[in-house]
Amino acid sequence: MTEHTTSERPQRDVQLTVNGDAVTSTIEPRTKLSDYLREECNLTGVRVGCEHGVCGACTVLVDGEPVKSCLTYAVQVTDSTVETVEGLSDGSELHPIQEAFHEENALQCGFCTSGFVMSTKALLAEHPDPDDEEIEAGLCGNICRCTGYSPIYDAVYRAADAMEGGD
Amino acid sequence: MKPAAFDYHTPADLDDVFDLFESYPEAELVAGNQSLGIVMANRLATPEHLIDLGGVDELRGIDVADDVARVGAMTTHRDLERSAALKETIPMLPDAARQIAGPSVRSRGTLGGSLAEADPAGNYPAALVALDGTLHLRSRDDARDVSAEEFFVAYMFTDLREDELIESVTVSRDPFPTDRTGMAFEELKRAAQTFPTVSAAAVVRVDDPDASEPVVEHARVALANAADVPLLVGGVSEAVEGEPLTDETVAEAADVAEAAADPAGELHADTEFKTEVAAEYTRIALTNAHERAIET
């Protein structure tokens with residue numbers, strides 16, 4: 001393997017729309033989308049847990065589809081639209097999904113929550129009135145080690161009710 | 001958990017890809033990055049150059065014609081899963097796609113990436129062997145077709161040459177008239193995101209679904225993770241073809257699968273258990289495929 005000094009390492013341009021804002025940077029191609037969002041965009045709601053595609057804490061939406069941002073290099077999704085948990089609320093009121101997680105105590109430590117919330121958003125876009133099986137299939141890429149999942153199911157049902165007719 | 005530094009190339013078409021092959025013979029191709037990304041994160045792979053096929057539009061897409069269904073290598077699991085045309089004609093492919101990990105992996109991972117990785121536990125390898133599918137391989141000066149059965153040579157080792165890539169996969173529709181064919185892809189796994197312990201892919205065609213006892217004309221079963229390559233259980237045809245499907249003929253097919261299985265033991269499933277699962281899932285897949293054949 002070639003040893004690179006920082007200045008000699010390859011660089012590539014990336015341009016994204018992140019939570020509605022256009023962002024352009026020159027970065028190392030190895031920069032994961034998770035690290036890019038956290039470090040370049042200061043969106044630390046994107047959690048970095050396992051960093052190899054297991055835990056789902058880094059889940060964000062790319063062009064509306066859920067993606068593990070730790071298994072995606074930022075350069076791979078240039079020209080895409082990215083949504084993180086920070087994009088859900090305008091700052092004063094919680095999004096119905098966030099509200100539902102809060103009301104149903106669907107978190108304890110909260111580390112996994114932003115990933116679950118983003119997966120829930122994608123799930124409800126596809127299945128606005130999901131059953132247990134669809135919730136399991138939609139959230140199986142996310143791991144929670146506190147709740148035992150049951151309150152998360154309750155939160156998804158509550159959010160689905162609240163969002164009836166669109167969000 | 002951070003990959004080593006690499007340079008990154010984004011070819012727009014196949015000519016660009018082959019130019020890059022020549023410039024960087026040691027480069028890795030990247031498709032959805034859902035497997036390569038893991039080994040790079042763990043620095044088990046440290047390629048200096050990645051060639052991303054994501055921008056090569058000609059490698060993407062699903063085209064179901066009267067005689068053949070074609071799926072481009074860069075088609076994502078999500079696109080396969082949602083394809084109405086495939087659900088109608090070759091439902092095993094969307095069924096196998098739907099059972100891969102969770103939605104966040106399926107939105108990035110691709111057919112070609114999975115086939116090239118050639119994990120014997122993978123869904124598409126077994127499905128394509130059961131469907132007798134064909135892989136279309138391209139290099140700068142050559143195009144060749146290889147049957148799925150021949151493509152998988154050994155554990156995570158394929159017939160793909162250094163200068164080649166997988167362009168697409170086709171499945172002939174001739175053997176699978178939709179009104180009397182059933183397909184099933186059944187997998188046992190501990191959790192959604194893990195590789196399955198064993199999977200069984202089955203296709204059954206009957207002579208007349210409206211007959212009181214439809215005769216099985218054609219049956220094919222392939223197993224995933226029951227050997228070091230996707231395993232075609234050849235004896236199944238002999239066990240169930242030429243007569244109506246009964247508990248006895250299905251049991252015979254399951255016995256054949258049990259005898260054919262040669263799985264490696266794993267932490268949560270030793271050889272003996274996986275062999276039993278191979279037999280049981282052969283029974284389940286054949287039964288479900290048959291049910292769909294007669295109800296269509």
Side-chain angles (χ1 to χ4, degrees), chain A residues 1-6 8-12 14 27-35 48-56 58-80 115 118-119 122-123 125-127 134 136-143, chain B residues 1-10 24 26-55 74 76-79 81-82 97-110 113 189-195:
Chain A
M1 203 184 105
T2 312
E3 291 297 328
H4 297 282
T5 65
T6 305
E8 287 172 339
R9 282 181 197 143
Q11 305 279 318
R12 285 288 179 274
V14 60
I27 57 171
E28 284 192 60
R30 67 165 166 170
T31 309
K32 294 175 170 202
L33 180 60
S34 47
D35 289 333
V48 168
C50 71
E51 288 204 291
H52 64 186
V54 179
C55 75
C58 68
T59 305
V60 300
L61 304 186
V62 175
D63 294 334
E65 295 279 358
V67 159
K68 295 191 174 189
S69 60
C70 79
L71 280 190
T72 306
Y73 302 119
V75 289
Q76 288 185 286
V77 292
T78 192
D79 299 327
S80 300
M118 298 316 286
S119 288
L123 164 68
E126 196 173 10
H127 302 287
E134 285 161 345
E136 182 179 0
L139 301 186
C140 71
N142 296 74
I143 290 174
Chain B
M1 295 293 124
K2 311 286 187 197
F6 58 84
D7 202 354
Y8 176 74
H9 307 276
T10 50
Y24 309 107
E26 302 298 318
E28 289 284 352
L29 286 176
V30 62
N33 201 45
Q34 301 304 291
S35 297
L36 182 61
I38 297 170
V39 290
M40 286 179 67
N42 289 294
R43 299 211 181 191
L44 297 170
T46 54
E48 288 184 37
H49 294 273
L50 279 193
I51 302 172
D52 190 339
L53 297 175
M74 285 297 291
T76 63
H77 309 321
R78 280 303 242 179
D79 287 344
E81 175 189 353
R82 290 168 172 167
R98 179 179 56 76
Q99 295 178 70
I100 297 171
S104 52
V105 166
R106 296 203 297 278
S107 60
R108 299 290 302 165
T110 66
K189 54 182 176 180
R190 292 179 297 118
Q193 290 197 98
T194 58
F195 269 112

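Protein chains get the first letters and strands the later ones, always in sequence-line order, with residue 1 at the start of each.
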Q) Out of B:V105, B:I38, B:T10, which one racks up the most heavy-atom pairs below 4.5 Å with chain A? A) B:I38

Q. Which one, A:L139, A:V75, A:I143, leads in non-hydrogen pairs under 4.5 Å with chain B?
A. A:V75

Q | Structural part of B:L36 lying under 4.5 Å from a heavy atom of chain A | A | neither

Q: Would you mind reporting whether B:N33 and A:Q76 have side-chain heavy atoms less than 4.5 Å apart?
A: yes

Q: With a 4.5 angstrom heavy-atom cut-off, could you sort out which part of A:K32 is near chain B: side chain, backbone, both or neither?
A: side chain

Q: Would you mind checking which part of A:C50 comes under 4.5 Å of any heavy atom in chain B, side chain (CB onward), backbone (N, CA, C, O), both or neither?
A: backbone

Q) Considering only heavy atoms, which portion of B:R98 lies under 4.5 Å from any heavy atom of chain A: side chain, backbone, both, or neither? A) neither

Q | Largest heavy-atom contact set with chain A, pairs under 4.5 Å, which of B:P47, B:A191, B:S104 | A | B:S104

Q. Any donor and acceptor pair, going by atom type alone, linking the side chain of B:S107 with main-chain N or O of A:P66 inside 3.5 Å?
A. yes

(Q) With a 4.5 angstrom heavy-atom cut-off, is it the side chain or the backbone of A:V77 that approaches chain B, or both, or neither? (A) side chain

Q.
Please classify the contact of A:T31 with chain B as side chain, backbone, both or neither, using a heavy-atom distance under 4.5 Å.
A. neither

Q. Where is the tightest heavy-atom contact between A:P29 and B:Y8, given as atom of each residue plus distance?
A. CB-CB, 3.5 Å

Q | B:V30 versus chain A, the contacting section by heavy-atom distance below 4.5 Å | A | side chain

Q: Against chain B, work out which of A:C70, A:A122, A:G53, A:G138 has the most heavy-atom pairs shorter than 4.5 Å and name it.
A: A:G138

(Q) For A:E136, which atoms come within 4.5 Å of any heavy atom of chain B: side chain, backbone, both, or neither? (A) neither

(Q) If I compare all heavy atoms of B:Q34 with all of A:L71, which pair ends up nearest, and what's the gap? (A) NE2-O, 3.3 Å

Q | Backbone N/O of A:V54 and side chain of B:Q193: donor-acceptor pair under 3.5 Å | A | yes

Q. CE of B:M40 to NE2 of A:H52: how many Å apart, nearest 0.5 Å?
A. 15.5 Å

Q) Closest heavy-atom contact between A:R9 and B:A5? A) CD-CB, 3.9 Å

Q.
With a 4.5 Å cut-off on side-chain heavy atoms, are A:Y73 and B:L50 touching?
A. yes

Q.
Can you tell me which portion of A:D35 sits under 4.5 Å from chain B's heavy atoms? Options are side chain, backbone, both or neither.
A. side chain

Q: Taking the side chain as every heavy atom from C-beta outward, state whether B:R82 and A:E126 have any pair of such atoms under 4.5 Å apart.
A: yes

**Q.** Which atom of A:C140 lies closest to which atom of B:P103, heavy atoms considered
**A.** SG-CD, 4.4 Å

Q: Sort B:D7 into side chain, backbone, both or neither according to what part of it lies under 4.5 angstrom from a heavy atom of chain A.
A: both

